[in-house]
There are 2 protein chains.
Amino acid sequence: MPGRIQSIERAAAILRLLSGRSRRLGVVEMANELGLPKGTVHGILRTLQHVGFVEQDPESGKYRLGAALLHMGSSYLDGNELRTRALNWSDSLASRTHEEVRIGTLHDGRVLIVHHVFRPDDSMQTLDVGSLMPIHATALGKVLLATHPHVAEEVMKRELPSYTDSTITDPKLLRRELERVRERGWASEAGELQRLRSSLAAPIIDRTGRTVGAMGIFGGPERLFAARSPRPELLTHVREHAQAVSRELGAIPW
Amino acid sequence: MPGRIQSIERAAAILRLLSGRSRRLGVVEMANELGLPKGTVHGILRTLQHVGFVEQDPESGKYRLGAALLHMGSSYLDGNELRTRALNWSDSLASRTHEEVRIGTLHDGRVLIVHHVFRPDDSMQTLDVGSLMPIHATALGKVLLATHPHVAEEVMKRELPSYTDSTITDPKLLRRELERVRERGWASEAGELQRLRSSLAAPIIDRTGRTVGAMGIFGGPERLFAARSPRPELLTHVREHAQAVSRELGAIPW
DNA sequence: AACCTCGTTTGACAATGTCATACGCGGTTA
DNA sequence: TAACCGCGTATGACATTGTCAAACGAGGTT
């Protein structure tokens, strides 16, 4: 795959930087971080500002992401087939299980949430469509890792961050866990990301047989588990709903 | 303001194009639309794909927006002060009025929705954070236009699209309406976007005195209006909540 | 089997972005 | 008050870089 366009790659790097840090960043700050002359960074920022991808704080002169990105992000969602097909089924799953539902897809070694349904009759939750969840500490992530072994190996090359004392941080243990996920066709997690939260998930498969996402429920371990293993009726709901979405995507009914 | 970087502007134009059309687009299609050689467009797309801003459909070879944009969009929201400060107040407004709440800001001559709270106990609505609403057919938009006269003139240069037979399409009438909005400090709309929907909105002001957004409720005209004018208690709630957000943003309490 | 159309590659050319240097401003220090 | 940072911004010469016409090759259609 031959040459990429340098200035666009740099612009993307700047946007990624701004997206990572939540606070506003200055020109020199970014220039140092990226190892570029500040003049260059400034020129790129000027252009990005003109197209609405970044905004400049009039007082401090520092930069942050721009509103155009929000609209593009939502346009992405509109065109995302996985999410579109899953809309009805995720509502159904939420009301059947009385739990919060999320649909995630693999992005950059993490789980990108493309849809999120609140737990019924439980408002005051914050929607986290667009956020990235850790891949080795969520059931969604385990499903995705189990079906993408090369990504799994890539992820395990880096240190696996620990979130609670239940988080799987040993690659050997994780590999074994993923093996189990592959065998059973579903994944679970209890308190591995937050002590009092857990999740169950199953794969969503498209017409080519590839796992393009995962669908799962989130809730307190006392509700999702019984005697250390997932409650069978919840598991069935999750698996059947994920299958339903897969069927909508054209997967061969299995 | 001197030179912008051509390739980045072109990349942005491509993304905007993809964001506008919901279906996938091909290289030649975009090249024609933008008046560029297809080789050039392809090179930009290759780079955008590499950074995750576009994805290519493996079967058709056509392009669509990429997942990275979704995450950046949500990062924008995290850093958006207007939205952050408004979170609690919009929940409060929704439960007080029992109506759907939206917060919007000016973007590109339209209203960009940065926050959206469903009508309490009424699920199955689709969240439209990130979507763009027409500016002259919503109360949110009227508030923003009334406080940004130059934008109003810009918008009125183009034909004002009609959505129902109540939509204000005559610039003269719209100017008079905006005058009223300025005087009263709030805006209303009944059936101007959809026949059986209406909205009330008030401005959100920051520490510099600029109107940085608008907050409003949406609901059936029979609930929001009585005898052709907005129900006073709803109006009061909207105005007071918008003021509360303004105060959080550091506006001088008035 | 000839012929589209589309996505992709190529390579020479010069337009274009790069980057060191300089500028001007605000804040801080001596 | 004046010297001095540090910042965001402007400038301009240079050669790196992106551009674009033309050609390629794979699908599909005629």
Side-chain angles (χ1 to χ4, degrees), chain A residues 1-19 21-66 79 81 207-208 250, chain B residues 1-19 21-66 79 81 207-208 250:
Chain A
M1 219 188 296
R4 324 233 153 77
I5 292 169
Q6 190 188 55
S7 52
I8 296 180
E9 285 198 309
R10 288 175 170 181
I14 288 176
L15 291 175
R16 225 175 302 139
L17 208 59
L18 283 167
S19 155
R21 314 283 193 285
S22 58
R23 66 200 172 76
R24 314 173 213 281
L25 297 178
V27 174
V28 269
E29 207 170 349
M30 301 190 233
N32 290 336
E33 196 106 20
L34 300 172
L36 293 173
K38 62 175 177 174
T40 305
V41 171
H42 178 258
I44 295 171
L45 282 169
R46 184 171 44 207
T47 311
L48 287 175
Q49 178 178 27
H50 181 246
V51 297
F53 284 24
V54 307
E55 291 167 3
Q56 186 175 29
D57 189 52
E59 306 179 17
S60 62
K62 293 191 189 304
Y63 293 87
R64 65 188 131 138
L65 293 181
E81 204 184 346
R207 66 189 131 270
T208 71
Chain B
M1 219 186 297
R4 323 231 155 76
I5 291 169
Q6 191 188 55
S7 53
I8 295 180
E9 285 197 308
R10 289 175 170 183
I14 288 177
L15 291 175
R16 227 175 300 138
L17 209 60
L18 283 168
S19 155
R21 314 284 193 287
S22 58
R23 67 199 170 76
R24 314 173 212 280
L25 297 179
V27 173
V28 270
E29 207 169 351
M30 301 190 233
N32 290 336
E33 197 106 19
L34 300 171
L36 293 173
K38 62 177 178 172
T40 305
V41 171
H42 179 258
I44 295 170
L45 282 169
R46 184 171 43 204
T47 311
L48 287 174
Q49 178 178 28
H50 182 245
V51 297
F53 284 24
V54 307
E55 291 166 4
Q56 186 176 28
D57 188 52
E59 305 180 17
S60 61
K62 294 189 188 307
Y63 293 86
R64 65 190 130 140
L65 294 180
E81 203 183 349
R207 64 188 133 273
T208 71

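Here is how names work: the chains are called A, B, and so on, in the same order as the sequence lines, proteins then strands, and each is numbered from 1. The model shown is predicted, which means the values in this text are computed figures rather than measured ones.
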Is the shortest side-chain heavy-atom distance between B/R21 and B/E33 below 4.5 Å?
yes
Is there a side-chain contact between A/Y63 and the phosphate of D/dT9, meaning an N or O under 4.0 Å from OP1 or OP2?
yes
Given 3.5 Å as the limit, does a donor-acceptor pair link the side chain of B/Q56 with the main chain of B/G61, or not?
yes
Of A/V28 and A/R10, the one whose closest DNA chain D nucleotide lies more 5':
A/V28
Main-chain N/O of A/I5 paired to B/T47 side chain as donor or acceptor, under 3.5 Å
yes
d(NZ, B/K38; P, D/dA22) in whole Å:
12 Å
Using the C1' atom in both, what is the distance from D/dG12 to D/dT16, to the nearest Å?
16 Å
A/G26 or A/Q6: which one's nearest nucleotide on DNA chain D is closer to the 5' end?
A/G26
In whole Å, I'd like the distance from the NE2 atom of B/H42 to the P atom of D/dA23.
19 Å
Rounded distance in Å - NZ (A/K62) to P (D/dG8)
5 Å
Does B/Q56 make a side-chain N or O approach to OP1 or OP2 of C/dT8 shorter than 4.0 Å?
yes
Enter the distance from A/R10:CZ to B/I8:CD1 here, rounded to the nearest 0.5 Å.
10.0 Å
Between CD of A/E9 and C1' of D/dT17 the distance, given in whole Å, is 13 Å
Please tell me which of the listed nucleotides, C/dT18, C/dT8, D/dA21, lies nearest to the side chain of B/P37?
D/dA21
Between C/dT18 atom P and A/I5 atom CD1, what is the distance in whole Å?
11 Å
Below 4.0 Å: OP1/OP2 of C/dT16 and any side-chain N or O of B/R4:
no
Rounded to whole Å, please give me the gap between CE in B/M30 and P in C/dT5.
19 Å
Check the distance between D/dT9's C1' and A/Q49's CD and give it to me in whole angstrom.
12 Å
B/D57 CG to C/dG7 P: how many Å, rounded?
11 Å
Would you call A/R24-A/E59 a salt bridge at under 4.0 Å N-O?
no
Any B/T40 side-chain nitrogen or oxygen under 4.0 Å from OP1 or OP2 of D/dC20
yes
